[in-house]
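Here the structure is laid out as structure tokens; the discussion comes afterwards.
In each ligand, atom 1 is the first atom listed, and ligand 1 is the first ligand listed. When reading the values below, keep in mind they use all heavy atoms of this one structure, side chains included, and skip hydrogens, waters and symmetry mates.
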Amino acid sequence: MADTLRVCALYPDLMNIYADRGNMLMLERRCGWRGLGFTLTAAGLGDVIDPDAHDLFYLGGGQDRDQQLCAHDLYDNKREALHAAAARGAIVLGICGGIQLLGDHYELGDERVPGIGLVDLVTKRAVDGSRLTGNVAIELELEGLDGPRVLAGFENHGGRTVLGAGEQPLGRVLKGHGNDGRSGVEGVHRGSVIGTYLHGPLLPKNAWFADWLLATALRRAPGDLALLDDALEDAAHASARRAAGV
Ligand code: GLN
């Protein structure tokens, strides 16, 4: 059982809108408070990544322009390593622009921005440029947890994502738009690959999910993690749920 969480943040300077860096901080603190080690490695444009050197790969959200820049680098320089990492059970977490790049492609007008095909989904920018924005809550079930849980966050995306047949969403939309504003589903979940549109940042608003990721990445049962005093985290979660109306 590993006792150091090794995180690789992909393009932290370009894919980081809505305070996505808070997600890294959340993982670092929750490891530290439990006496677990934490390492954070940044991988930017042109960098090559080692699929065996990290337990969790993180790809945050981005503006279309930054996302285009990263997409080609991700495809050319990191795609194979991320496939290898996911195949050995490392977590690959994509948020917003991140989930779009985990799929097949992102259609932006006449351009087809390549994804790395870790999951079967496609995203299309709405022709009229309208965005799906607002507070959102989804219900989901995850291995090792007893019963359904709620994730609360904020979404702001011009892309509409459609899952391929047989691909599973991360959860069911309780409030908000979700993947495309119509399907009633949000995100994607295949094995250790997870994508979601929830910003917020996601993890500080959902400490239980941060712990689930942390435990799963360390190959531990979520219930094996030491309990923490989560009064503030619970309040943040309740506030995010209230904002979404759940
Ligand atoms: N650029 C993408 C879109 O608008 C993702 C935005 C984001 O990461 N918030 O759909």
Side-chain angles (χ1 to χ4, degrees), residues 9-24 26 42-45 57-75 78 82 92-138 151-164 167 169-171 173 175-183 185-189 193-206 209 240 243-244:
L10 299 159
Y11 316 105
D13 49 345
L14 292 167
M15 302 286 282
N16 63 9
I17 53 178
Y18 292 116
D20 282 339
R21 283 192 190 127
N23 290 326
M24 302 295 93
M26 182 76 173
L45 295 173
F57 292 83
Y58 178 79
L59 183 57
Q63 310 289 352
D64 285 344
R65 201 168 45 88
D66 293 332
Q67 206 177 327
Q68 280 167 292
L69 207 64
C70 295
H72 294 280
D73 182 77
L74 193 68
Y75 189 88
K78 301 176 177 65
L82 287 170
V92 181
L93 174 64
I95 311 254
C96 202
I99 181 180
Q100 297 173 344
L101 297 185
L102 297 183
D104 187 72
H105 64 266
Y106 177 27
E107 213 174 291
L108 257 178
D110 292 339
E111 197 192 340
R112 203 174 244 236
V113 179
I116 55 171
L118 264 182
V119 282
D120 180 17
L121 61 83
V122 294
T123 303
K124 265 190 194 181
R125 187 78 143 84
V127 185
D128 63 3
S130 61
R131 305 190 68 79
L132 302 179
T133 306
N135 293 298
V136 51
I138 68 172
L151 277 179
F154 180 78
E155 61 183 328
N156 181 358
H157 47 112
R160 296 344 188 224
T161 294
V162 177
L163 303 183
E167 200 66 273
L170 179 61
V173 176
K175 280 286 164 61
H177 301 288
N179 283 350
D180 61 355
R182 302 200 302 214
S183 61
V185 297
E186 205 289 320
V188 67
H189 185 187
V193 180
I194 294 177
T196 177
Y197 273 107
L198 272 64
H199 286 287
L202 173 70
L203 301 184
K205 287 185 177 179
N206 300 280
F209 188 58

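Listed for the Glu155 side chain is a donor-acceptor partner under 3.5 Å among the backbone atoms of Gly178. The closest donor-acceptor contact from the side chain of Asn179 to the backbone of Gly187 lies under 3.5 Å. The backbone N or O of Asp110 lies less than 3.5 Å from no partner atom in the side chain of Arg112, so there is not a single donor-acceptor pair. Between the side chain of Asp104 and the backbone N or O of Val122 there is no donor-acceptor pair closer than 3.5 Å. The backbone N or O of Arg21 sits nowhere less than 3.5 Å from a side-chain atom of Asn16 that would complete a donor-acceptor pair. For the pair Lys78 (side chain) and Gly44 (backbone), a donor-acceptor distance under 3.5 Å is present. In this structure, the side chain of Asn206 engages the main chain of Ala152 through a donor-acceptor pair within 3.5 Å.
The shell of residues lying under 4.0 angstrom from ligand 1, judged by heavy atoms, excludes Glu155. The shell of residues lying under 4.0 angstrom from ligand 1, judged by heavy atoms, excludes Tyr197. Ligand 1 is never approached by Met15 to a heavy-atom distance shorter than 4.0 Å.
Between Asn156 and ligand 1, at least one pair of N/O atoms sits closer than 3.5 Å. Annotation: Ile95 places no N or O atom under 3.5 Å from an N or O atom of ligand 1; distance criterion only. When only interatomic distances are considered, the shortest N/O to N/O separation between Ile17 and ligand 1 does not fall below 3.5 Å. Looking at ligand 1, you'll find an N or O of Gly62 within less than 3.5 Å of one of its N or O atoms. Any N or O atom pair closer than 3.5 Å counts here, and His157 shares no such pair with ligand 1. Checked by distance only, ligand 1 and Cys96 stay at 3.5 Å or farther apart across all their nitrogen or oxygen atoms. In terms of polar-atom proximity, defined here as any N/O pair under 3.5 Å, Gln100 does make such a contact with ligand 1. Between Asp64 and ligand 1, a contact under 3.5 Å exists for at least one N or O pair.
Every atom of ligand 1 with a heavy atom of Arg131 under 4.0 Å away is listed here by number and element: 3 (C), 4 (O). Taking every heavy atom of Gly61 and a limit of under 4.0 angstrom, the matching atoms of ligand 1 come to 8 (O). Interface of Gly158 with ligand 1, defined as ligand atoms under 4.0 Å from a residue heavy atom, comprises 3 (C), 4 (O), 10 (O). When each atom of ligand 1 is checked for a heavy atom of Gly159 under 4.0 Å away, the hits are 3 (C), 10 (O). Applying the 4.0 Å criterion to heavy atoms of Gly97 picks out, from ligand 1, the atoms 5 (C), 7 (C), 8 (O).
Looking only at atom types and distance, the side chain of Glu186 has a donor-acceptor partner in the side chain of Thr196 under 3.5 Å away. Using modelled atom types and a 3.5 Å distance limit, the side chains of Asp66 and Tyr11 yield no donor-acceptor pair.
Environment of CG in Asp128: crowded, with over 12 heavy atoms of neighbouring residues, nucleotides or ligands closer than 6.0 Å.
Here Phe154 has no heavy atoms under 4.0 Å from ligand 1, in either its backbone or its side chain.
Ring orientation note: the planes of His199 and Tyr18 are tilted relative to one another, at an angle of 30° to 60°.
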